[in-house]
Peer 1: 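Let me begin by handing over the structure; questions about it come next.
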Amino acid sequence: MKKLLISMALLLPMAVVAREATVTSPNGKLVVTINDEGQQATYAVALDGRQMLLPSALGFKADFGDFTQKLTITNTKTAHADRTYEMRQVKQSKMHYVAEQLTVDFENAKGQKMSAEFSVSNNDVAFRYLIPRQKNDNPKCAVIEKESTAFRLPDGTTTFITPQSSPMVGWERTKPSYEEGYSIDGAMTARSQYGQGYTFPCLFHVPSTAMTSQSTGQEGWVLISETGVDSHYCGSHLSDYPYTIAYPMTGENNGNGTATAGIALPGKTPWRTITVGTSLKPIVETTIPYDVVEPLYEPSQQYGAGRYTWSWLIWQDNSINYDDQVKFIDLASAMGYEFCLVDNWWDQNIGRDRMVELSKYAQSKGVSLMLWYNSNGHENDAPQTPRNCLDNSIARDREMAWLKSIGVKGIKVDFFGGDKQETMKLYEDILFDANRYGIQCIFHGCTLPRGWERMYPNYVASEAVLASENVYFNEGAAIRQAFDLTLHPFCRNAVGTMDWGGVIMNKYLSPDNKSRHTRKTTDAFEIASAYIMQTAIQCVAMQPNNLQELPQHELDLLKDIPTTWDETRFIDGYPGRYVVLARRHGNKWYIAGLNAQKTPLTLTINLSDYSLSKQFADQADKKGRITGTAITPLKLKKGKASITIQPNGGCLIY
């Protein structure tokens with residue numbers, strides 16, 4: 001045996017020895033290991049000794065070289081990040097990002113070079129590729145054709161994900177519109193609905209049985225997404241299992257634009273982000289989409305937050321006329337709301353001349369208008385106007401100047417349908433030009449925001465979710481509403497602001513509030529949802545009739561909804577079942593809960609860290625029938641309160 005060991009040792013200098021590098025979070029609990037064993041670049045993620053991601057491939061293929069195989073580590077460099085910054089429109093206002101950083105240099109068989117840069121904080125991993133110019137200072141530009149970047153989760157992991165749609169399908173060929181439904185606790189190996197993979201973010205539940213022998217039996221949660229995507233790259237998504245980074249589909253945007261990424265060299269890719277935890281707290285509270293990006297331009301002014309009314313959700317296209325919009329402006333004014341959104345067809349049904357008059361009327365009532373636009377162009381067949389106003393710089397500049405001249409403060413732009421680099425550039429161009437005229441932007445029929453709240457100071461929110469309009473169109477979506485809104489704090493809304501589109505107070509989804517299908521959630525659910533859904537300009541889709549129909553205490557709560565938050569804390573929940581969050585606005589804390597289950601949920605919550613005195617909740621009779629809502633004094637016992645949330649109901653403690 002001794003002779004054999006000696007022989008192996010003599011052979012070692014002739015063999016290829018795998019190199020390994022590690023980077024550990026500031027608290028020492030999160031470890032990322034990078035390896036080139038077998039000339040395959042991989043990374044693995046462990047938290048408290050628990051394997052959250054198994055060794056997973058790194059690399060990409062460019063037009064000038066292959067960095068997916070035959071890679072060796074040639075050098076490493078470490079750094080430390082410790083920075084603070086402030087934001088006005090996300091789940092927290094003052095950020096403190098502390099991370100350990102590692103850059104690993106690789107070389108392929110042809111001597112070509114690339115690097116993988118990792119930034120590791122206590123619960124977040126962000127990494128990207130750095131691509132230098134090669135020999136003789138060339139090439140100076142490149143096409144990144146695909147990535148081998150993979151995410152290998154332990155066996156037994158279940159999924160909370162939504163499928164990526166095929167391109168140019170659905171209503172007026174507007175998909176992908178990022179409005180597909182989520183499935184929960186699914187098998188990793190299940191094929192996606194359309195065979196195109198999954199839209200970011202993707203949430204995974206790693207059971208304790210899948211952990212390593214060092215595990216103490218705790219479960220794990222993994223949230224995968226990306227951030228920092230701008231006009232210099234395409235957006236991506238997750239492929240079908242086994243999971244890798246997938247680029248846009250060729251057919252997106254009516255086939256216009258490439259499905260690859262073109263970059264100048266030296267260049268870099270967007271950040272891929274992985275948030276991990278043994279509970280859902282790090283998932284809900286993560287700020288990694290903003291921690292590793294920077295503002296791309298200065299705001300032209302101080303932008304405001306607030307609430308807006310919206311006629312279209314219930315009154316639909318017929319309401320886009322001057323008289324009905326006056327009613328919703330008056331509603332916004334009566335509620336103390338800052339904005340009123342005028343939806344599609346306003347240019348035809350009201351006309352530009354009368355829009356000047358309507359904006360003046362709104363301003364006289366202390367309300368600013370936001371106007372809807374079609375992003376087209378040539379990307380799909382959505383007919384709604386205004387069209388061809390925002391798809392090129394000449395038309396955009398003319399339109400933005402007009403909007404500013406009449407006092408419009410924001411726009412909602414719809415029907416993008418794709419993640420190609422060309423579309424990322426369109427988002428950026430709209431945002432930059434709008435900022436020059438002091439206009440904020442909301443996007444619908446659109447992709448996930450990827451750090452845009454920090455990158456673009458006049459960006460507000462994106463839809464990128466199966467949103468409230470579907471509650472109107474489809475009773476099935478109304479039935480799923482409670483499920484959806486107890487899911488999104490853990491995935492979609494965890495990584496970006498979400499314009500879900502409306503706290504709905506009508507009992508029936510109709511203007512007369514007597515016909516069509518009913519809302520399936522309680523009043524307390526709807527009001528509490530405004531505190532669960534996060535966006536700086538929140539849609540409160542009240543109707544004028546609600547002023548007479550709702551009890552005064554509900555109207556008072558609806559008037560006082562904050563939309564900006566200085567701090568957010570996860571208290572309890574499970575995706576698609578229930579959620580309880582604490583949010584602070586200034587010095588005032590609010591705790592909101594939603595229950596999507598079929599039975600009442602009773603929780604004991606420790607409130608000793610908060611100064612709270614009242615509870616707003618649904619009231620039920622002995623048979624469990626909801627009889628209304630009430631505000632009652634909060635009862636504490638040793639700093640704890642017992643809270644019951646009714647099925648499809650909510651509560652608010654303040």
Peer 1: Are side-chain heavy atoms of Thr486 and Pro575 found at a separation under 4.5 Å?
Peer 2: no
Peer 1: Fit a plane to each ring of Trp565 and Tyr590, take the angle between them on a 0 to 90° scale, and name the class: parallel (under 30°), tilted (30 to 60°) or perpendicular (over 60°).
Peer 2: perpendicular
Peer 1: Backbone N or O of Gly336 within a donor-acceptor pair of the Arg307 side chain at under 3.5 Å?
Peer 2: yes
Peer 1: So Trp346 and Tyr373, would you call those rings parallel, tilted or perpendicular, with 30° and 60° as cut-offs?
Peer 2: perpendicular
Peer 1: Checking side-chain polar atoms at under 3.5 Å, does Thr629 have a donor or acceptor matched by the opposite partner on Glu554?
Peer 2: yes
Peer 1: Taking 4.0 angstrom as the limit, do Arg396 and Asp391 come out as a salt bridge?
Peer 2: no
Peer 1: Are the side chains of Leu448 and Ser225 in touch, meaning some heavy atoms are under 4.5 Å apart?
Peer 2: yes
Peer 1: Quick check on Tyr322: does its OH atom have over 12 non-hydrogen neighbours (other residues, nucleotides or ligands) under 6.0 Å away?
Peer 2: yes
Peer 1: Per the side-chain hydrogen bond (donor to acceptor under 3.5 Å, both in side chains) rule, which among Glu453, Gln534, Gln89 passes with Thr497?
Peer 2: Glu453
Peer 1: Does the pair Arg583 and Asp566 meet the rule for a salt bridge (Lys or Arg N to Asp or Glu O under 4.0 Å), with working shown?
Peer 2: CA-CA 7 Å; Arg583 296 197 195 267; Asp566 295 293; over 6 Å; no
Peer 1: State, to 0.1 Å, how close Leu238 and Ala246 come at their nearest heavy-atom pair, and which atoms those are.
Peer 2: C-CB, 4.4 Å
Peer 1: Keeping the roles fixed (side chain from Thr522, backbone from Phe525), state whether a donor-acceptor pair exists under 3.5 Å.
Peer 2: yes
Peer 1: Tell me, do Asp230 and Met455 make a side-chain contact under 4.5 Å, heavy atoms counted?
Peer 2: yes
Peer 1: Closer than 3.5 angstrom, by distance alone: can the side chain of Gln538 be matched with the main-chain N or O of Ala530 as a donor-acceptor pair?
Peer 2: yes
Peer 1: Taking only Lys NZ, Arg NE, NH1 and NH2, and the carboxylate oxygens of Asp or Glu, determine whether Asp330 and Lys327 approach each other closer than 4.0 Å.
Peer 2: no
Peer 1: Using only atom types and a distance under 3.5 Å, with no angle test, would you say the side chain of Arg519 pairs donor to acceptor with the backbone of Leu509?
Peer 2: no
Peer 1: Output, in order, the C-alpha distance, side-chain angles, deciding distance and verdict of side chain to side chain contact (heavy atoms under 4.5 Å, CB included) for Thr309 and Val540.
Peer 2: CA-CA 6 Å; Thr309 57; Val540 184; 6.0 Å; no
Peer 1: Any side-chain heavy-atom pair from Thr199 and Arg492 closer than 4.5 angstrom?
Peer 2: no
Peer 1: State whether a side-chain donor-acceptor pair under 3.5 Å links Thr385 with Gln348.
Peer 2: yes
Peer 1: Keeping Asp512 on the side-chain end and Ser515 on the backbone end, is there a donor-acceptor pair under 3.5 Å?
Peer 2: yes
Peer 1: Determine yes or no for a side-chain-to-main-chain donor-acceptor pair under 3.5 angstrom, with Tyr198 supplying the side chain and Phe160 the backbone.
Peer 2: no
Peer 1: Below 4.0 angstrom, N of the basic side chain to O of the carboxylate: do Glu428 and Lys425 qualify?
Peer 2: no
Peer 1: Output a table of donor-acceptor pairs, distance under 3.5 Å, between side-chain atoms of residues 256-263 and any protein atom two or more places apart or on a different chain; print 'none' if there are none.
Peer 2:
from	atom 1	to	atom 2	distance (Å)
Asn256	ND2	Asn253	O	3.0
Thr258	OG1	Thr260	O	3.3

Peer 1: Between Trp312 (side chain only) and Ser319 (backbone N and O only), is there a donor and an acceptor less than 3.5 Å apart?
Peer 2: no
Peer 1: Minimum heavy-atom separation for Leu369 and Met355, please, with both atom names.
Peer 2: CD1-CE, 4.1 Å
Peer 1: Please indicate whether Glu298 has more than 12 foreign heavy atoms, meaning atoms of other residues, nucleotides or ligands, lying under 6.0 Å from its CD.
Peer 2: no
Peer 1: Would Lys412 and Asp343 satisfy salt bridge (Lys or Arg N to Asp or Glu O under 4.0 Å), going step by step from the backbone distance to the final call?
Peer 2: CA-CA 8 Å; Lys412 170 184 165 183; Asp343 217 277; 3.4 Å; yes
Peer 1: Output yes when Arg450 and Asp419 qualify as a salt bridge under the 4.0 Å nitrogen-oxygen rule, no when they do not.
Peer 2: yes
Peer 1: Is a salt bridge present between Glu226 and Arg272, judged by a nitrogen-to-oxygen distance below 4.0 Å?
Peer 2: yes
Peer 1: Is the backbone of Arg191 close enough, under 3.5 Å, to the side chain of Asp240 for a donor and an acceptor to pair up by distance?
Peer 2: no
Peer 1: Is it the case that over 12 heavy atoms from other parts of the model lie below 6.0 angstrom from the CD atom of Gln302?
Peer 2: no
Peer 1: If the plane angle is over 60° it's perpendicular, under 30° parallel, otherwise tilted; pick one for Tyr459 and Phe443.
Peer 2: tilted
Peer 1: Tell me whether Lys360 at atom NZ has more than 12 heavy atoms from other residues, nucleotides or ligands lying less than 6.0 Å away.
Peer 2: no
Peer 1: If we ignore angles and hydrogens, is there a donor and acceptor under 3.5 Å between the side chains of Gln543 and Trp315?
Peer 2: yes
Peer 1: Would you find a donor on one side and an acceptor on the other, under 3.5 Å apart, between the side chain of Lys420 and the backbone of Glu252?
Peer 2: yes
Peer 1: Give, for atom CG of Asn546 and atom CE of Met505, the distance between the pair rounded to the nearest 0.5 Å.
Peer 2: 6.5 Å
Peer 1: Taking the side chain from Ser236 and the backbone from Tyr247, do they hold a donor-acceptor pair closer than 3.5 Å?
Peer 2: no
Peer 1: With under 30° as parallel and over 60° as perpendicular, where do the rings of Trp171 and Phe415 fit, or are they tilted in between?
Peer 2: tilted
Peer 1: Any idea which heavy atoms bring Glu379 and Leu426 closest together, and the distance?
Peer 2: OE2-CD2, 3.3 Å
Peer 1: Would you please test Asn380 and Asn254 for side-chain hydrogen bond (donor to acceptor under 3.5 Å, both in side chains) and show each step?
Peer 2: CA-CA 6 Å; Asn380 53 56; Asn254 210 12; over 6 Å; no
Peer 1: Is any NZ, NE, NH1 or NH2 atom of the basic residue among Glu475 and Lys520 found under 4.0 Å from an Asp or Glu carboxylate oxygen of the other?
Peer 2: yes
Peer 1: Just checking, is any N or O donor in the side chain of Gln646 or Asn595 under 3.5 Å from an acceptor N or O on the other one?
Peer 2: no
Peer 1: Any heavy-atom pair between the side chains of Leu313 and Ile504 that's under 4.5 Å?
Peer 2: yes
